[in-house]
Amino acid sequence: MALHVFNSLGRKREEFQPLHEGFVGMYVCGPTVYDHAHIGHAKSYVSFDVIVRYLRYLGYQVRYVQNITDVGHLTDDADEGEDKIVRRASTQRLEPMELVETYTRSYFEDMDALGNVRPDISPRASGHIPEQIELIKELIDKGFAYEVNGSVYFSVEKFPEYGMLSGRRIEELVEGARVEVNPEKRNPADFALWKRAEPAHILRWNSPWGWGFPGWHLECSAMGSKYLGQPFDIHGGGLENQFPHHESEIAQSQAAHGEPLARYWLHNNMVTVGGQKMGKSLGNAIFLKDLFRRYDPLVVRYFILNSHYRSPLDFTDEALSAAERGLARLHNSVRALRRALGRGSDGPVSPEVQRTVDEARAAFSSAMDDDFNTAAALAALFDLARAANTFLSAGGFTGADVEALERAFRELGGAVLGIVPDELPDEAVAGLEEDLIHLLIELRREFRANRQWQEADAIRDRLAALGVQLEDKPEGTTYRLEAAL
RNA sequence: GGCGACGUCGCCAAGUGGCAAGGCAGGGGUCUGCAAAACCCCCAUCGCCGGUUCAAAUCCGGCCGUCGCCUCCA
């Protein structure tokens with residue numbers, strides 16, 4: 001089966017056909033860096049990370065662009081409000097760019113921890129002011145935009161398709177508008193391309209319309225087409241940005257260039273906390289840096305992938321704890337395989353193992369081909385884990401058997417889903433700690449040989465209390481670090 | 001008020017016309033000095049009502065409930 005994706009543009013599943021054979025250009029709306037990343041960011045960027053990884057697994061050369069919004073994102077969308085960055089910077093008495101730098105680094109730190117591959121280009125809005133000004137000029141020249149008092153607005157009436165993505169009509173927007181109408185706008189639904197800024201405004205640039213700063217929607221249009229051309233293949237982002245952000249991107253870009261901005265629009269669903277919407281303004285945001293103190297980032301990643309990217313996801317302790325144990329199961333199986341590497345007999349892969357691996361790969365691919373159904377793909381990995389465990393405990397496997405199984409986990413669970421690292425936690429322990437654990441295991445072995453069960457159990461219990469879980473097996477005692485997972 | 005999504009086992013979650021994946025938890029076994037891990041077995045007719053169909057969790061209508069967008073947010 002070929003890859004099918006759910007295109008928000010048209011709201012249906014379509015076969016994915018790249019514009020250029022073998023190449024995919026993908027743009028995902030990045031964060032506005034005025035605070036630390038929260039679990040909403042995690043869901044969004046893990047989802048799109050897996051999409052990028054899977055496209056690469058399929059053999060596409062992907063150019064992944066994800067912007068950093070460091071200017072122009074106002075605190076409300078009536079095109080009034082303050083710039084989020086500026087407001088936060090003045091509160092903290094920082095240069096805006098200083099604030100931006102801090103949170104940009106924090107963002108990448110968290111995304112790295114989650115195992116997301118870095119975008120190929122992370123363009124900043126503030127570094128693309130000339131491109132944005134050019135775009136505005138083009139829109140004015142073509143009659144889609146107008147200037148008032150040093151601000152420029154996009155005229156939605158000039159673009160009849162406005163609403164094509166979100167399924168809204170301009171009239172409805174105007175009627176339902178709860179925000180105060182900006183008197184400068186000809187139509188209340190018009191949106192700002194450029195906002196005039198007074199001298200007191202510290203983040204501003206000179207333009208043909210005087211000093212000011214670009215509107216939020218503009219950056220994605222300018223940077224997306226700059227690095228990926230227009231149209232490009234995939235535009236991703238959060239569902240809440242479908243309107244007005246993405247709708248406005250489409251309008252600007254298509255009005256200016258006469259071509260659609262992107263062919264496939266993918267939207268991930270939202271995160272709730274204990275059943276309630278999470279919002280920075282609601283004060284119930286869970287920051288990743290806090291969450292990572294309680295759960296390994298890979299557990300969070302696994303938890304996210306256990307549901308579909310287009311489904312909402314509710315964060316609860318109970319669900320995360322279950323995810324923790326589920327991921328451990330997968331890791332245990334991979335660990336066992338890796339310990340068995342090189343221990344099998346000579347010979348080719350047995351037909352039975354080959355068939356098991358083939359089936360797992362087929363199930364995995366057909367799940368991922370179906371609009372990136374990671375939950376079903378995970379089920380294929382769990383089936384593989386069970387089979388692998390059975391093969392290992394049955395014995396009589398060849399080295400090639402173990403390699404084939406391990407490779408499947410490394411590629412599907414590792415390269416594609418990113419939840420099976422090349423080095424699992426307990427394999428990373430080294431040095432003094434490792435020597436001490438082995439010393440205790442050796443002592444315990446002697447107690448056991450003398451049937452001094454109390455002493456042996458005490459060692460095991462106390463190690464367990466420290467997060468080191470011992471496991472007695474026919475071939476000897478091994479350990480697992482539970483705290484690390 | 002307008003638009004949209006969803007409601008599947010105790011919990012999480014796949015499944016969009018043909019006998020309901022997977023994970024966690026639970027019960028019963030095997031292995032083990034005991035554990036742990038692992039393996040085997042057991043554990044749901046899909047919010048409610050009505051309709052279409054040989055056949056519906058899957059399609060249509062109504063109702064109830066939850067969530068989201070329409071205002072900053074991934």
Side-chain angles (χ1 to χ4, degrees), chain A residues 11 13 28-32 34-35 37-48 73-78 81-82 84 163 166-169 171-173 175-180 216 236-245 267-272 275-282 285 302-303 306-308 310-314 316 318-330 332-333 335-336 363 367 370 373-383 385-386 388-390 392-394 448 451 453-454 456-457 460-461 464 469-474 477-480 482:
Chain A
R11 291 184 198 183
R13 213 165 288 222
V28 172
C29 286
T32 301
Y34 67 106
D35 205 343
H38 52 63
I39 56 178
H41 295 102
K43 175 164 164 65
S44 184
Y45 298 124
V46 165
S47 298
F48 288 112
H73 204 157
L74 302 180
T75 51
D76 76 58
D77 203 52
E82 291 175 89
K84 290 182 167 190
S166 54
R168 294 167 202 278
R169 288 193 306 276
E171 314 84 72
E172 287 172 356
L173 294 173
E175 288 164 13
R178 287 194 206 163
V179 290
E180 275 187 46
W216 173 41
L239 195 58
E240 82 290 348
N241 277 335
Q242 199 171 60
F243 183 90
H245 184 53
H267 287 97
N268 67 278
N269 216 315
M270 315 284 289
V271 154
T272 53
Q276 290 305 307
K277 167 194 164 107
M278 185 196 75
K280 289 175 194 170
S281 48
L282 298 181
Y302 166 84
F303 175 62
N306 191 225
S307 77
H308 192 91
R310 283 192 293 108
S311 302
L313 183 60
D314 190 38
T316 61
E318 193 182 10
L320 277 163
S321 299
E324 193 165 51
R325 289 185 285 268
L327 181 60
R329 176 178 170 77
L330 233 35
N332 284 341
S333 190
R335 252 187 220 107
D370 185 13
N373 190 337
T374 51
L378 278 172
L381 286 189
F382 276 105
D383 289 341
R386 169 170 286 117
N389 291 337
T390 302
L392 285 180
S393 56
R448 293 180 73 210
R451 308 182 68 80
W453 308 125
Q454 274 197 328
D457 290 351
R460 185 176 61 200
D461 292 346
Q469 179 66 54
L470 296 187
E471 295 179 358
D472 297 327
K473 298 180 180 165
T477 298
T478 61
Y479 67 90
R480 245 175 341 112
E482 293 204 314

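We name chains A, B, ... by the order of the sequence lines, and we start the count at 1 in each one. When reading the values below, keep in mind they use all heavy atoms of this one structure, side chains included, and skip hydrogens, waters and symmetry mates.
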So, OP1 or OP2 of B:C31: does either fall under 4.0 Å of a side-chain N or O from A:Ser393? no

Check the phosphate of B:A25 against A:Arg325, side-chain N and O only, distance under 4.0 Å to OP1 or OP2. Yes or no? yes

Name all residues meeting the side-chain hydrogen bond (donor to acceptor under 3.5 Å, both in side chains) criterion together with A:Arg13; count only those two or more places apart in sequence or in a different chain, and write none if there are none. A:Asp370

Going 5' to 3' through nucleotides 10-21 of chain B, assign each nucleotide B (protein heavy atom under 4.0 Å from a base atom), S (under 4.0 Å only from sugar-phosphate atoms) or - (no protein heavy atom that close). -SBSSS-----B

Watson-Crick or G-U wobble partner for B:A38, using a 3.5 Å limit on both distances? B:U30

Sorted by chain and residue number, the side-chain hydrogen bond (donor to acceptor under 3.5 Å, both in side chains) partners of A:Asn269 (sequence neighbours excluded) come out as none

Considering only side-chain heavy atoms of A:Arg329, which listed nucleotide, B:C67, B:G23, B:G33, is closest? B:G23

Check ring pair (Phe, Tyr, Trp, His ring centres under 6.0 Å) between A:His308 and all other residues, then give those that pass, not counting sequence neighbours. none

Would you say B:C67 has OP1 or OP2 under 4.0 Å from some side-chain N or O of A:Gln276? yes

Using the aromatic ring of A:Trp453 (for Trp, its six-membered ring), decide whether it stacks on the base of B:G33 within the limits of 5.5 Å and 30°. yes

Kindly say if A:Asn389 contacts the phosphate of B:C39, meaning a side-chain N or O under 4.0 Å from OP1 or OP2. yes

With a 3.5 angstrom cut-off on both distances, give the Watson-Crick or G-U wobble partner of B:A21, or none if there isn't one. none

Among all residues two or more places apart in sequence or in another chain, which pass the ring pair (Phe, Tyr, Trp, His ring centres under 6.0 Å) test with A:Tyr302? none

Do any N or O atoms of the protein come closer than 3.5 Å to N or O atoms of nucleotides 40-42 of chain B, and which pairs are they?
residue: B:C40; atom: OP2; partner: A:Arg386; partner atom: NE; Å: 3.0

